[in-house]
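Remember, it's a predicted structure, so these values are computed and weren't measured experimentally. For the numbers below, each heavy atom of this structure counts, side chains included, while hydrogens, waters and symmetry mates do not.
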Amino acid sequence: MSAQADDPKVTVANTFIDVHTGPGRGYPVFYIIEKDEEITLEKRRTDWIKVTTRRGKSGWIHIDNLAHTQDASGQVPDIAAATQDDYLERRWEIGFATGDFDGADALSLNAGFRFTEHLTADLRLSQNTGQFSDSQILSVGLMHQPFPEWRVSPYFRLGTGQIRIEPSATLVEAEDREDNLFQTSLGTYVYLTRRFFLRLDATQHQILTSRDTNEEVIEWQIGFNVYF
């Protein structure tokens, strides 16, 4: 993306600024902007600004570095903090949640990749600790979020995976079980601030057992997700 004539320009006032190859500190620094050098601000991704120098160098600087620059009027540019609109540009998210799995204490970790505006593929790992048995669930799913721009944004998820159940009975020795399962979830994201979302989730687990009847378990969870 080349700089446009109407893109804002600022001048480095009193320091040197590192320019990264990508929007994150994990990307290498390939150029140093010197004092009194003018740069063009092209676009923003969360806390990173894509810039182009007069010498044609194009890369990313952290938004905090703009405090060391001045616009044409000699003022520090006013850049708003990251907002919910930045959420629409994110691709990856990670989070954790806790809740109730049919009377057992539930704790889960999740990671997702958003490949369209409305669809996210995710991976979930859950540990459930109960009085009579413990269980672990590993599942993959596809989430549909019809209104991602809403502050309170509902979603629907379908998933499949495997559950491992470890009975804790002491009087009668019981065997561990491994069964396949299907998941149907209804939930919502609640935008909090910057990159953080509250997530509320209700999931119905259809456990395909080797017995005459399958099992249905309802799980309730609340957690936090961060996107990047």
Please give the remaining members of the hydrophobic cluster of L181, linking ILVMFWY side chains under 4.5 Å, ordered by chain and number. F101, I137, I163, I165, I207, V217

When you compare the side chains of Q70 and T11, does any donor N or O come within less than 3.5 Å of an acceptor on the partner? no

Could you tell me whether E215 and R177 make a salt bridge, using a distance below 4.0 angstrom between a side-chain N and a carboxylate O? yes

Q221 and E219 side chains, donor-acceptor separation under 3.5 Å: yes

Close side-chain approach of Q127 and S108, heavy atoms under 4.5 Å: no

So, taking the atom named CD1 in I61 and the one named OG1 in T69, what distance separates them when rounded to the nearest 0.5 Å? 7.0 Å

To the nearest 0.5 angstrom, please state how far the CD1 atom of I17 sits from the NE2 atom of H68. 7.0 Å

Side chains of I33 and N65: closer than 4.5 Å at any heavy-atom pair? no

Could you go through L198 and F224, starting from their C-alpha distance and side-chain angles, then the distance that decides it, and tell me whether this counts as side chain to side chain contact (heavy atoms under 4.5 Å, CB included)? CA-CA 5 Å; L198 177 71; F224 292 93; 4.0 Å; yes

Run the side chain to side chain contact (heavy atoms under 4.5 Å, CB included) test on R44 and I63 for me, step by step, so that the C-alpha distance in whole Å, both residues' side-chain angles and the decisive distance to 0.1 Å come before the verdict. CA-CA 9 Å; R44 174 177 178 172; I63 193 171; 3.7 Å; yes

Do P148 and H118 have side-chain heavy atoms sitting under 4.5 Å apart? yes

Sidechain-backbone polar pair: T53 side chain, K57 backbone, donor-acceptor under 3.5 Å: yes

Answer whether the closest heavy-atom distance between the side chains of V19 and F30 falls below 4.5 Å. yes

Under 4.0 Å between a side-chain nitrogen and a carboxylate oxygen: does that hold for R164 and E166? yes

Test L66 against every option in V51, L41, V76 by the side chain to side chain contact (heavy atoms under 4.5 Å, CB included) rule and name the one that passes. L41

If only atom types and distance count, is the side chain of T116 paired as donor or acceptor with the main-chain N or O of T120 below 3.5 Å? no

Going through the checks in order, is the side chain to side chain contact (heavy atoms under 4.5 Å, CB included) test met by Q145 and W150? CA-CA 10 Å; Q145 196 174 358; W150 289 5; over 6 Å; no

Salt-bridge criterion met for E38 and K9 (N-O under 4.0 Å): no

Hey, are E216 and H205 close enough side-chain-wise for a donor-acceptor pair under 3.5 Å? no

Using the rule given for side chain to side chain contact (heavy atoms under 4.5 Å, CB included), can you reason through T184 versus T203, listing the C-alpha separation, both sets of side-chain angles and the distance that settles it, and then say yes or no? CA-CA 6 Å; T184 305; T203 300; over 6 Å; no

Taking 4.0 angstrom as the limit, do R114 and D122 come out as a salt bridge? no

State, yes or no, whether a side-chain contact exists between Y155 and Y189 at a heavy-atom distance under 4.5 Å. yes

Y27 OH: over 12 foreign heavy atoms closer than 6.0 Å: no

Other residues, nucleotides, ligands: >12 heavy atoms within 6.0 Å of E178 CD: yes

Please indicate whether Y31 has more than 12 foreign heavy atoms, meaning atoms of other residues, nucleotides or ligands, lying under 6.0 Å from its OH. yes

Could you check whether T209 and D179, counting side-chain N and O atoms only, form a donor-acceptor pair closer than 3.5 Å? no

For F156, the hydrophobic cluster (side chain heavy atoms closer than 4.5 Å, chained through members) also holds L158, L186

Going from CZ on F197 to CD on E93, what distance comes out if it is rounded to the nearest 0.5 angstrom? 8.5 Å

Tell me, do N128 and D105 make a side-chain contact under 4.5 Å, heavy atoms counted? no

N/O donor-acceptor pair under 3.5 Å between T188 side chain and L200 backbone: no

Could you tell me which residues satisfy salt bridge (Lys or Arg N to Asp or Glu O under 4.0 Å) with E34, sequence neighbours excluded, listed by chain and number? none

Going by heavy atoms in the side chains, are L109 and R124 under 4.5 Å from each other? no

Side chains of R157 and S139: does their closest heavy-atom pair fall under 4.5 Å? yes

Please work out whether the ring planes of W48 and H62 are parallel, tilted or perpendicular, with thresholds of 30° and 60°. perpendicular

